[in-house]
2 protein chains.
Amino acid sequence: MLFLQMTISLTEENYIKAIFNLSNSNNIGVSTNSLSNHLKNKASSVTDMLKKLADKKLIHYKKYKGVLLTPKGEKIAINIIRKHRLWEVFLMEKLNFSWDQVHDIAEQLEHIKSDELIKRLDNFLGKPTLDPHGDPIPNEKGKFNEIKSMPLNECKILKEIIFIGVKNHTISFLKYLTSIGLGIGDRFRIEAINNFDNSYQIKVKKNNLVFLSNDLASNILVKIKNE
Amino acid sequence: MLFLQMTISLTEENYIKAIFNLSNSNNIGVSTNSLSNHLKNKASSVTDMLKKLADKKLIHYKKYKGVLLTPKGEKIAINIIRKHRLWEVFLMEKLNFSWDQVHDIAEQLEHIKSDELIKRLDNFLGKPTLDPHGDPIPNEKGKFNEIKSMPLNECKILKEIIFIGVKNHTISFLKYLTSIGLGIGDRFRIEAINNFDNSYQIKVKKNNLVFLSNDLASNILVKIKNE
DNA sequence: TTAAATTTTTAGACTTACCTAAATTTATTT
DNA sequence: AAATAAATTTAGGTAAGTCTAAAAATTTAA
Ligand SMILES: [Mn+2]
Ligand SMILES: [Mn+2]
Ligand SMILES: [Mn+2]
Ligand SMILES: [Mn+2]
């Protein structure tokens with residue numbers, strides 16, 4: 001079979017994105033089960049799709065071994081992520097959505113197919129490098145500007161901190177952070193660490209002290225001021 | 001079977017939109033063949049879908065009789081058109097696309113599902129009432145602000161004219177109009193009508209005379225100045 | 001008003017993207 | 001090193017949306 005301009009379905013795009021997101025920096029393949037959990041499809045459905053993606057040379061697939069994206073597959077994944085994050089910026093900056101509302105809409109918008117549209121959207125937004133959750137936006141060539149950060153619960157000393165991202169992107173978590181007055185870019189100070197349960201007390205600007213469980217702190221990505 | 005929030009697939013949306021666009025002001029049902037031509041699907045496929053849309057109470061369907069939208073179906077159609085035209089305005093006004101580029105991208109964007117998004121987009125654009133092709137944008141309640149216009153080839157007298165819309169939306173037609181310096185809102189004067197082939201000569205602003213075949217003129221919607 | 005042409009529907013199949021149930025392979029325990 | 005458990009694949013099915021070919025209904029023309 002010959003196809004000059006391979007088309008990739010919305011479903012295939014979502015699988016490719018899932019494989020990308022589940023890939024670790026080490027080169028361990030993504031398991032069928034992890035994809036099954038992530039996409040909420042049965043493992044047998046995942047296997048079907050993996051065969052198809054392998055036929056299209058978008059993934060490396062060997063029965064029972066787990067999968068990795070080919071360079072071609074990775075390029076597609078990164079482009080979808082670029083579109084997703086640019087649309088999130090648009091929704092937040094131009095349409096005044098809050099950071100907990102943008103993801104679900106961007107899940108739809110990321111599948112719109114038009115390179116010209118994304119080029120112009122990028123320009124319109126001033127070529128942003130970070131999305132509303134602090135995640136890097138890959139450039140036109142697919143290059144990520146990696147930001148070094150650590151989860152708050154790895155900070156063991158009382159220091160001035162900058163809040164630069166979230167690990168968890170659920171609406172409830174984002175809304176909670178908003179409710180305690182915490183937004184990307186904010187500076188705060190660790191006032192106390194309870195070494196029984198590793199919970200934190202922080203002081204956000206002029207606000208009162210806020211208590212954070214270790215679980216909460218583990219989903220807050222920070223960097224230490226002046227480091 | 002019980003469903004509280006009926007979901008309508010992208011394919012169903014396109015059929016509903018097609019039925020709306022092919023419906024005349026008179027109450028003659030839309031034929032299977034006309035839908036088949038418009039959607040470039042076989043008539044048998046159309047029949048299958050009509051049965052499904054009828055089951056969902058979105059159209060009135062009687063075998064061999066042609067179809068009409070129910071009020072519910074019409075509401076859906078108008079909402080899709082509203083979204084399409086708002087996105088066209090966005091693409092043109094904010095992203096500087098030309099009027100011949102916006103339609104194809106809007107065909108994708110019109111299917112994005114989020115009432116909140118459209119409300120905010122509408123506000124962001126300043127609640128426009130016309131799209132880049134001069135077509136009216138229905139308001140949130142689905143009301144069209146009908147503009148009275150006539151095809152240029154129905155003007156039989158030499159008069160000052162305002163160009164307010166196009167009947168044909170193909171890229172080549174729109175590009176041609178651009179090439180002769182004609183855009184929505186422009187004023188021009190009919191300088192001559194050749195009564196052999198009903199072709200027109202018009203003068204656009206300070207430009208030279210432009211020759212328009214009757215076919216071309218029939219796709220240019222105008223109103224007569226001061227009327 | 002019958003015959004021919006056209007339109008529309010029905011019947012049966014195919015593809016995509018899912019599913020359940022039953023193998024099969026790989027990993028973990030005794 | 002078996003036995004058991006877990007992960008993965010295969011086999012067989014379903015629903016949505018398409019198709020071709022054939023039958024039926026409607027329209028048009030003789
Ligand atoms: Mn997101
Ligand atoms: Mn994000
Ligand atoms: Mn359009
Ligand atoms: Mn338009």
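All chains are named by letter (A, B, ...) in the order of the sequence lines, taking the proteins before the strands, and each is independently numbered beginning at 1. Below, each value reflects all heavy atoms present in this structure, side chains not excepted, and no hydrogens, waters or symmetry copies.
- For DNA chain D, the neighbouring residues in residues 25-32 of chain A, judged by any heavy atom under 4.0 Å, are A/S31, A/T32.
- Between A/I164 and A/I147 the shortest heavy-atom distance is CD1-CG2, 3.7 Å.
- For B/N33, a side-chain nitrogen or oxygen approaches OP1 or OP2 of C/dT8 to under 4.0 Å.
- For B/E116, the salt bridge (Lys or Arg N to Asp or Glu O under 4.0 Å) partners are B/R120, not counting sequence neighbours.
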For a quick test of your reading: what N or O donor-acceptor pairs under 3.5 Å do the side chains of residues 80-87 of chain B make, sequence neighbours left out?
from  : atom 1 : to     : atom 2 : distance (Å)
B/R82 : NH1    : B/P138 : O      : 2.9
B/R82 : NH2    : B/D122 : OD2    : 3.2
B/K83 : NZ     : B/E110 : O      : 3.2
B/K83 : NZ     : B/I112 : O      : 3.0
B/H84 : ND1    : B/E110 : OE1    : 2.7
B/H84 : NE2    : B/E88  : OE2    : 2.7
B/H84 : NE2    : B/H103 : ND1    : 3.1
B/R85 : NH1    : B/P136 : O      : 2.6
B/W87 : NE1    : B/L109 : O      : 3.4

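- Inspection of the B/S213 and B/D215 side chains reveals no N or O donor paired with an N or O acceptor under 3.5 Å.
- Using modelled atom types and a 3.5 Å distance limit, the side chains of B/D135 and B/H169 yield a donor-acceptor pair.
- B/Y15 and B/N41 share a side-chain donor-acceptor pair at under 3.5 Å.
- Partners of B/H60 by side-chain contact (heavy atoms from CB on, under 4.5 Å), not counting sequence neighbours, listed by chain and number: B/T70.
- In this structure, a donor-acceptor pair under 3.5 Å is absent between the side chains of A/S31 and A/N33.
- Every residue was checked against the salt bridge (Lys or Arg N to Asp or Glu O under 4.0 Å) condition with B/E140, not counting sequence neighbours, and none meets it.
- By the salt bridge (Lys or Arg N to Asp or Glu O under 4.0 Å) test, B/K113 pairs with B/E13, sequence neighbours left out.
- Side-chain nitrogen and oxygen atoms of A/K51 include none within less than 4.0 Å of the OP1 or OP2 phosphate oxygen of D/dT9.
- Shown here are the side chain to side chain donor-acceptor pair (under 3.5 Å) partners of B/N214, two or more places apart in sequence or in another chain: B/N153.
- Rounded to a whole Å, the CE atom of B/M6 is 16 Å from the C1' atom of D/dA16.
- Take B/E107 and apply the salt bridge (Lys or Arg N to Asp or Glu O under 4.0 Å) test, not counting sequence neighbours, and it matches B/K17.
- For DNA chain D, the neighbouring residues in residues 11-20 of chain B, judged by any heavy atom under 4.0 Å, are B/T11, B/Y15.
- Between A/I161 and A/C155, the closest heavy-atom pair is CD1-SG, 3.9 Å.
- Relative orientation of the A/H133 and A/W99 rings is parallel, given thresholds of 30° and 60° on the angle between their planes.
- At D/dT9, one or more side-chain N or O atoms of A/Y61 fall inside 4.0 Å of OP1 or OP2 (strictly under the cut-off).
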N/O-N/O pairs, protein side and nucleotides 23-28 of chain C side, under 3.5 Å:
from   : atom 1 : to    : atom 2 : distance (Å)
C/dT25 : O4'    : A/Y64 : OH     : 3.3

So what's the dot-bracket for DNA chain D: Watson-Crick or G-U pairs under 3.5 Å, [ ] if a pair crosses, | if it pairs off-strand? ||||||||||||||||||||||||||||||

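- Under 3.5 Å, the side chains of A/K156 and A/N198 contain a donor-acceptor pair of N or O atoms.
- Residues from residues 34-50 of chain A with heavy atoms under 4.0 angstrom of DNA chain D, sorted by number: A/A43, A/S44, A/T47.
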